[in-house]
Amino acid sequence: MFRFENEYYLYGLAIIPLLVALYIYLQIRSKKRMQAYADSKLLEKLMPESSSGMQHLKFSLLMMALTCFIFALANPQIGSSRDKGTRKGVDIMMCLDIS
């Protein structure tokens, strides 16, 4: 049986698509600003070490880490269900008087 101890933390996964949409919007906006600043050949000469692929990789790793963190907060549990059983037995007490 698989279950989460704190299911309400899983609602935090709803923030990930919002963050992805914000990231895409900011990337498009940044690209438009750079194109307004200079043409692409000049930008390649001005910023030779910039890599959009590395930015995408960093962001995707951050989103995967956030997803794992949210799942960890929800505390996944695997095992059988708990059943209350009845105990049979007698309580025995031994008393010694050493006087």
Side-chain angles (χ1 to χ4, degrees):
M1 182 172 127
F2 183 79
R3 72 179 195 96
F4 290 101
E5 183 179 6
N6 306 316
E7 297 98 13
Y8 51 88
Y9 282 124
L10 294 176
Y11 290 121
L13 292 173
I15 197 169
I16 293 177
L18 297 175
L19 290 174
V20 170
L22 179 66
Y23 176 75
I24 291 170
Y25 169 73
L26 290 176
Q27 287 294 317
I28 292 170
R29 192 172 122 199
S30 173
K31 191 179 234 184
K32 284 182 182 178
R33 282 187 177 180
M34 287 295 181
Q35 288 174 351
Y37 181 69
D39 60 338
S40 61
K41 291 181 182 179
L42 182 60
L43 284 176
E44 289 176 12
K45 289 182 182 179
L46 291 174
M47 301 183 307
E49 306 230 351
S50 69
S51 171
S52 63
M54 285 302 286
Q55 288 178 351
H56 299 325
L57 179 67
K58 285 182 200 177
F59 181 75
S60 60
L61 287 175
L62 179 66
M63 289 298 105
M64 285 191 288
L66 181 62
T67 303
C68 290
F69 180 70
I70 291 171
F71 276 117
L73 278 176
N75 196 11
Q77 298 174 344
I78 297 176
S80 60
S81 63
R82 294 183 184 174
D83 293 330
K84 283 198 166 191
T86 58
R87 285 197 256 166
K88 294 180 181 178
V90 178
D91 292 334
I92 299 175
M93 184 181 344
M94 295 179 64
C95 296
L96 295 174
D97 183 17
I98 306 176
S99 42

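Note that this is a predicted model, so its numbers are computed, not measured. Reckoned from all heavy atoms, side chains included, excluding hydrogens, waters and symmetry mates. Residues: numbered from 1 along the sequence shown.
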Should the heavy atoms of other residues, nucleotides or ligands under 6.0 Å from CD1 of I16 be counted, would the total exceed 12?
-> yes

Pairs in or reaching into residues 58-76: which pass side-chain hydrogen bond (donor to acceptor under 3.5 Å, both in side chains), with residues at least two apart or in two chains?
-> E5-N75

What are the two closest heavy atoms between G12 and I70, and how far apart are they?
-> O-CD1, 3.4 Å

Which distance, rounded to the nearest 0.5 Å, do you find between the OG of S30 and the NZ of K32?
-> 12.0 Å

Honestly curious: do M54 and I24 fall in one hydrophobic cluster under the side-chain, below-4.5 Å linking rule?
-> no

Flag the pair L19 / L62 as yes when at least one side-chain heavy-atom distance between them is below 4.5 Å, and no otherwise.
-> no

Co-membership, hydrophobic cluster, residues I15 and F4, 4.5 Å side-chain | yes

Interatomic spacing from CE in M34 to CG in L42 - rounded to 0.5 Å | 11.0 Å

Honestly curious: do L66 and L13 fall in one hydrophobic cluster under the side-chain, below-4.5 Å linking rule?
-> yes

Quick one: does R29's side chain get under 4.5 Å of L26's, heavy atoms only?
-> yes

How would you list all residue pairs meeting ring-ring contact (aromatic ring centres under 6.0 Å, His included) that involve residues 55-80, not counting sequence neighbours?
-> Y23-H56, Y23-F59

Joint cluster assignment, V20 & L10, ILVMFWY side-chain distance < 4.5 Å = yes

Answer yes or no: does atom CE of M63 have more than 12 heavy-atom neighbours from other residues, nucleotides or ligands under 6.0 Å?
-> yes

Would the number of heavy atoms belonging to other residues, nucleotides or ligands and lying under 6.0 Å from OH of Y11 be above 12?
-> no

